Amino acid sequence: MTELVTTIIETAAIEPGATPPLPMRHLYLVDGSGFIFRAFHALPPLTRADGTPVGAVLGFSNMLLKLLGETDADAVAVIFDASRYSFRNAIYDAYKAQRPDAPPELIPQFPLVREATEAFNLPGIESDGYEADDIIATYARAAQRRGIEVTIVSSDKDLMQLVDDGIRMLDPIKNKAIGPDEVREKFGVAPDRVVDVQALAGDSVDNVPGVPGIGVKTAAELINTYGDLDQLLARAGEIKQPKRRESLIQHADLARVSRELVRLKDDVPDLPPLEALAVRPADPNRLVEFLRTQNFRTLLSRVESRNANRAAATAALAPVAAADAQATSAEGGAAAPMPAATAANYVLIQDLDVLDAWIARATAAGAFAVDTETTSLDAVTCELVGVSLSIEPGEGAYLPLAHKVEGLDLTGGAPRQIDRDTALARLKPLLEDPAVLKIGHNLKYDAVVLGRHGIQVAPADDTMLLSYVLDGHLHGHGMDELALLHLAHKTIAFADVCGTGKNQITFDLVPLDRARDYAAEDAEVTLRLHRLLRPRLLKERQVALYETTERPLAPVIAAMERAGIKVDPVELKRLSRDFGERLAVLETEIHRLAGRPFNVGSPKQLGEVLFDEMSLAGGKKGKTGAYATGAEVLEVLAAQGHALPARVLDWRQLAKLKSTYADALVEQINPATGRVHTSYALASTSTGRLSSTDPNLQNIPVRTEEGRKIRRAFIAEDGHVLMSADYSQIELRLAAHVADIPSLKDAFRQGIDIHALTASQVFGVPVEGMDPQVRRRAKAINFGIIYGISGFGLAQQLGIPQGEAQAYIAAYFERYPGIRAYMDRTKQLAREQGYVTTIFGRRCWVPGIKDSNPARRAFAERQAINAPLQGSAADIIKRAMARIPAALTEAGLSATMLLQVHDELIFEVREAEVEATAALVRRVMEGAAHISVPLVVDTGVGRDWETAH
DNA sequence: TGGGCGCCTCAGG
DNA sequence: CCTGAGGCGCCCAA
């Protein structure tokens with residue numbers, strides 16, 4: 001094997017004394033040995049016709065072809081390990097001693113990979129006594145000194161120490177560049193300190209000992225504090241944590257040896273000179289011969305077509321055929337059968353006249369189903385890839401608009417498809433035609449995507465919303481699920497088309513025939529679902545709810561999602577840094593109190609520290625056998641005077657704020673708009689509420705001072721302010737209305753403080769001069785009512801014995817007998833129907849209401865009591881939201897509705913229009929329902945969300 | 001090694 | 001009562 005290298009290039013000093021001018025600009029150093037192992041595990045197994053395993057060889061050949069065809073590489077070397085033993089074994093005999101032998105399927109691939117290197121006419125380099133990493137280091141440094149850019153093709157963390165000016169890494173399997181930032185993310189220090197961190201942390205796989213008890217995280221912290229390993233070891237006595245200090249002092253030599261093991265040698269002698277690495281054209285015949293022997297058919301056709309292109313630029317392969325071949329031919333002869341799901345009457349639209357014919361038919365039909373295919377689930381950032389249509393059941397069409405083929409420049413052409421702007425310009429009149437109904441499934445998504453291309457889809461019907469209104473939470477409302485349930489039809493799974501996990505591809509890379517079958521089916525199934533569900537609306541008396549709430553709301557939400565809200569990244573980063581620093585201080589303190597370091601973020605470890613090691617009382621284990629360490633538990637311990645749980649509470653608050661809010665929100669800022677665009681789920685809750693994801697903007701902190709700092713980062717554009725409008729006590733008002741409680745209704749009509757009133761009625765104290773604690777208790781009871789109250793829950797909430805809580809509830813029922821009547825009536829109804837209803841007739845299903853288990857049944861009963869209140873409130877704000885944009889336009893106001901947080905709406909308003917907008921919004925919101933108590937809306941204005949709230 | 005998943009905890013209404 | 005997200009820890013597969 002070693003003769004390969006030495007026969008290709010005669011050995012010479014790597015760096016000649018007088019440097020001649022080099023044409024070389026960019027050197028790629030491929031970690032051949034590393035690649036083989038990674039590819040073997042990452043890629044599907046594959047065998048040649050004769051049974052020889054070749055999966056890693058294929059991955060390797062693919063990677064080289066890509067490197068040579070798609071990069072500016074003008075010098076390439078493939079570096080291999082020569083043998084198992086290197087100079088490092090002389091330093092530390094256990095080094096890499098317990099490495100398991102290579103899997104048997106991998107062994108025959110080692111020589112084949114070297115053969116591939118030869119076939120590509122690239123130098124393969126190895127050197128006895130040195131690892132591939134050392135050779136890479138030697139070349140990288142030599143090239144750096146001569147101003148040549150270096151890319152190390154590897155994801156080996158041991159090579160990260162080399163990242164520097166002009167030296168970067170490329171993960172060949174993830175196709176991801178690794179620069180100083182990525183290194184810092186992994187090791188917590190700059191590349192030039194990576195060896196120090198590795199020396200401390202060690203590596204169990206390679207048997208690098210490191211210092212016991214120190215992992216990467218701690219090592220980075222220490223190096224950042226003391227500068228480098230020598231400084232740290234010299235000053236180890238200053239370290240506060242006793243365990244850590246002792247370990248460092250005792251194992252200082254181990255750390256030094258470890259550093260020698262991990263530090264790469266960059267002066268490996270007797271290597272071929274850099275000049276020898278310049279790319280030389282491969283002998284096409286030899287490469288073709290090699291690929292044919294391995295039976296790499298796709299690769300072969302790519303290389304042959306490239307050769308053909310070079311020979312005659314006109315002789316390009318038919319693009320679609322190439323795309324199909326790539327996806328459907330099973331590499332290497334291991335037959336991978338393609339599912340034969342092709343429906344004969346699904347067609348591709350690849351010509352304008354065909355598109356025009358479909359548009360004419362859809363217009364004449366007056367209704368059709370439409371679906372879009374994109375590159376991601378994020379409607380605001382994804383790319384539109386294609387559109388599918390269905391006018392009649394049993395037929396459908398897919399219009400590809402942005403399909404690509406991987407390695408485009410090698411295959412010589414893209415799939416044939418109509419220019420996207422041209423096609424959308426033709427579709428726009430149809431999609432906006434007021435006489436043609438557009439039917440979609442979760443059409444809001446498509447509306448956002450098409451809206452970004454200047455198309456306002458209307459009028460529209462949405463099968464997901466129809467299903468939601470009809471069947472609520474009885475089942476999910478995904479199209480696949482509905483197709484199976486209602487049509488007994490198993491749809492093609494997205495995962496079958498695009499794969500899953502790290503091997504998932506985006507839809508634009510799906511070959512057209514597969515894309516057609518998947519996409520056209522979506523549209524066609526949607527059409528059939530519509531014909532099934534729409535008539536049920538009338539039969540089941542849900543037309544009004546759908547027509548006045550869900551249907552008009554969808555485009556309004558789409559507009560809100562597209563609008564997004566401005567978030568100040570500088571402020572969030574400042575907060576993140578502040579939180580981070582305070583977390584570090586707290587962590588040190590917590591470790592000191594515990595007497596040892598542990599992961600504060602691990603409830604399991606925390607529980608062990610508190611209850612096993614410190615023997616604090618009150619340790620209760622849950623069903624997984626871990627101690628409960630929730631806030632209530634820690635608060636009790638803190639109140640007993642224990643410092644550690646108190647610090648952990650502080651730590652948890654800051655950790656939550658940092659990771660969930662400060663850090664995550666910055667990541668979510670859309671670079672194109674500078675704003676954060678949440679996605680509202682319209683059909684995901686059992687009560688009719690919306691939910692918000694990616695990011696969830698319905699749980700931004702407000703209750704604590706530290707949390708409110710996050711809110712301050714939500715700001716308005718210049719010349720604008722944020723306006724908040726929230727319903728006051730809407731669920732309690734609904735309780736008064738639905739349960740028909742005269743005294744509560746009177747109180748709301750007169751604008752009396754409702755919690756104070758409850759307190760005076762239940763506890764018999766005058767409202768004047770009331771103890772705030774008494775009012776607080778009454779408030780908790782009022783909330784308890786909304787949640788379907790239990791003595792247990794109320795006791796928990798107030799921190800009082802359950803018996804006392806039970807007495808409060810009894811007193812409450814005494815004062816307001818209508819409440820108990822309502823609760824009994826509601827439970828009865830739920831049992832009879834299986835559902836309860838909101839004031840607008842929305843059915844909220846309560847599946848566990850007849851459960852034989854009393855605890856589960858009681859839970860369902862509380863759901864039944866809460867759902868009409870929560871659900872009616874949801875209906876009301878939805879009705880208001882559906883009306884607001886039109887009302888604003890009509891009034892000539894420019895305000896934009898941005899967010900909904902269950903009982904609150906956030907607007908971005910021109911400063912000059914604040915008064916008029918507030919008045920209008922209040923009028924629409926308060927008029928969204930007419931019930932026996934007034935609806936009251938409070939508004940607030942400010943440059944940020946905290947001020948406006 | 002890392003993706004998937006359940007659990008815990010905690011943010012909002 | 002209704003939610004969604006992040007971190008941890010465990011299992012399993014490529």
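The structure displayed is predicted, hence computed values, not measured ones. Chain letters run A, B, ... following the sequence lines, proteins first and then strands; every chain starts at 1.
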Strictly below 4.0 Å: does [X] bring a side-chain N or O up to OP1 or OP2 of [N]?
X      : N     : result
A:Q653 : B:dT9 : no
A:T685 : C:dC2 : no
A:Q863 : C:dC2 : yes
A:T687 : C:dC1 : no
A:S659 : C:dA5 : no
A:N696 : C:dT3 : no
A:R38  : B:dT1 : no

Mind checking if [X] touches a base, just sugar-phosphate, or nothing, with heavy atoms under 4.0 Å?
X      : answer
A:Q605 : sugar-phosphate
A:R689 : base
A:I700 : sugar-phosphate
A:A655 : nothing
A:G788 : nothing
A:N699 : base

Would you please indicate yes or no on a ring centroid separation below 6.0 angstrom for A:Y812 and A:Y808?
->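 No: the rings miss the under 6.0 Å criterion.
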Rounded to the nearest Å, what distance is computed from the [atom1] atom of residue [X] to the [atom2] atom of nucleotide [N]?
X      : N      : atom1 : atom2 : answer
A:F40  : C:dA14 : CZ    : C1'   : 9 Å
A:L654 : B:dC10 : CG    : C1'   : 13 Å
A:N782 : B:dG13 : CG    : P     : 17 Å

DNA chain C contacts made by residues 864-879 of chain A, counting heavy atoms under 4.0 Å |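 Contacting residues: A:N866, A:Q870.
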Answer yes or no: side-chain N or O of A:R652 and base N or O of C:dG7 forming a donor-acceptor pair under 3.5 Å.
->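 In this structure, the two groups form no donor-acceptor pair.
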Could one point to a donor on the side chain of A:K604 or the base of C:dC8 with an acceptor on the other under 3.5 Å away?
->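 Answer is no: no donor-acceptor pair is held.
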Can you say whether the rings of A:F611 and A:Y627 are parallel (under 30°), tilted (30 to 60°) or perpendicular (over 60°)?
->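 If you compare the ring of A:F611 with that of A:Y627, the planes turn out tilted.
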What class does the angle between the rings of A:Y468 and A:H477 fall in, given that below 30° is parallel, 30 to 60° is tilted and above 60° is perpendicular?
->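 Ring orientation, 0 to 90° scale: perpendicular.
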A:S872: which of A:T837, A:T838, A:I730 passes side chain to side chain contact (heavy atoms under 4.5 Å, CB included) =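 Answer after filtering A:T837, A:T838, A:I730: A:T838.
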Counting side-chain heavy atoms from C-beta on, which of [options] comes nearest to [X]?
X      : options              : value
A:S602 : C:dT3, C:dC8, B:dG13 : C:dC8
A:V702 : C:dG9, C:dG4, B:dG12 : B:dG12
A:A664 : C:dC2, B:dT9, C:dG6  : C:dG6
A:R711 : B:dG12, C:dA5, B:dC8 : B:dG12

Would you call A:D663-A:K573 a salt bridge at under 4.0 Å N-O?
->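 Answer for the salt bridge query: no.
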Carboxylate-amine/guanidinium proximity below 4.0 Å for A:E587 and A:R582 |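 Between A:R582 and A:E587 there is no salt bridge, as every charged N stays at least 4.0 Å from the carboxylate O atoms.
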Take the C1' atoms of the five end pairs on each side of the helix from B:dT1-C:dA13 to B:dG13-C:dC1, derive the two axes, and give their angle rounded to 10 degrees.
->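 The end axes of the helix from B:dT1-C:dA13 to B:dG13-C:dC1 are about 10° apart, to the nearest 10°.
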Step by step, work out the salt bridge (Lys or Arg N to Asp or Glu O under 4.0 Å) result for A:R712 and A:D944.
-> CA-CA 5 Å; A:R712 282 181 217 143; A:D944 63 73; 5.6 Å; no
